[in-house]
Amino acid sequence: CCLREEGERCGRAAGNASFSKRIQKSISQKKVKIELDKSARHLYICDFHKNLIQSVRNRRKRKGSDDDGDSPVQDIDTPEVDLYQLQVNTLRRYKRHFKLQTRPGLNKAQLVEIIGCHFRTIPVNEKDTLTYFIYSVKNDKNKPDLKMDSGIH
């Protein structure tokens with residue numbers, strides 16, 4: 001990746017998206033703290049930064065267009081999950097659990113990319129999730145306790 005974030009060069013593998021003056025202008029307006037590394041020999045950016053830039057650009061469009069009622073409200077402030085913080089074994093377990101089809105011998109960056117695409121497609125009912133969380137906290141329950149109480153073993 002040809003970008004610097006907080007003064008440090010990004011160590012992720014570059015994808016096929018390139019960094020342009022138009023992108024630089026749009027992220028500087030949004031005060032995103034990434035910049036082009038002047039010592040880079042190419043203009044290609046990693047998929048993580050590509051998705052970050054797209055989310056910043058899309059967020060602005062959705063907030064500004066009140067007449068377009070088709071855009072879901074939850075997409076406006078969707079938090080980004082940094083899957084790079086997870087260990088490779090955890091990523092492999094996620095891949096195995098959801099039976100994601102990949103070629104063998106992927107490195108961490110490739111696993112994060114594939115899992116990130118899958119993770120973003122999982123629908124979450126926010127109301128049910130918050131209700132379940134509050135119930136669990138109020139009743140000092142954890143997941144195994146709830147399974148036993150509901151008759152599921």
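Owing to the predicted nature of the structure, the values given are computational and were not obtained by experimental measurement.
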Would you give the length of the straight line joining atom [atom1] of [X] to atom [atom2] of [Y], rounded to the nearest 0.5 angstrom?
X: R92; Y: L100; atom1: CZ; atom2: CG; result: 14.0 Å
X: D37; Y: L3; atom1: CG; atom2: CG; result: 8.5 Å
X: K50; Y: R12; atom1: NZ; atom2: CZ; result: 14.5 Å
X: Q87; Y: Q85; atom1: CD; atom2: CD; result: 11.0 Å
X: L86; Y: Y94; atom1: CG; atom2: OH; result: 10.5 Å
X: I114; Y: L106; atom1: CD1; atom2: CG; result: 5.0 Å

>> Tell me if a side-chain donor or acceptor on Q110 pairs with a main-chain N or O of N107 at a distance below 3.5 Å.
In response: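 Confirmed, Q110 side chain pairs with N107 backbone.
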> Do any N or O atoms from the side chain of K108 and from the backbone of Y84 form a donor-acceptor pair under 3.5 angstrom?
Replying inline: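 Checked: pair present.
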> Mind checking whether I115 and I122 sit in one hydrophobic cluster, side chains of I, L, V, M, F, W, Y counted as touching below 4.5 Å?
Replying inline: yes
> Are L36 and I45 connected in a single hydrophobic cluster, I mean Ile/Leu/Val/Met/Phe/Trp/Tyr linked by side-chain heavy atoms less than 4.5 Å apart?
Replying inline: yes
> Can you find a heavy atom in the side chain of K95 that is under 4.5 Å from one in the side chain of L91?
Replying inline: no
>> Ignoring hydrogens, what is the shortest heavy-atom contact between H118 and T121? Give both atom names and the distance.
In response: O-OG1, 2.6 Å
>> Using every non-hydrogen atom in the two residues, find where A13 and C46 come nearest and quote the distance to one decimal.
In response: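 A13 and C46 have their closest heavy atoms at O-CB, 3.2 Å.
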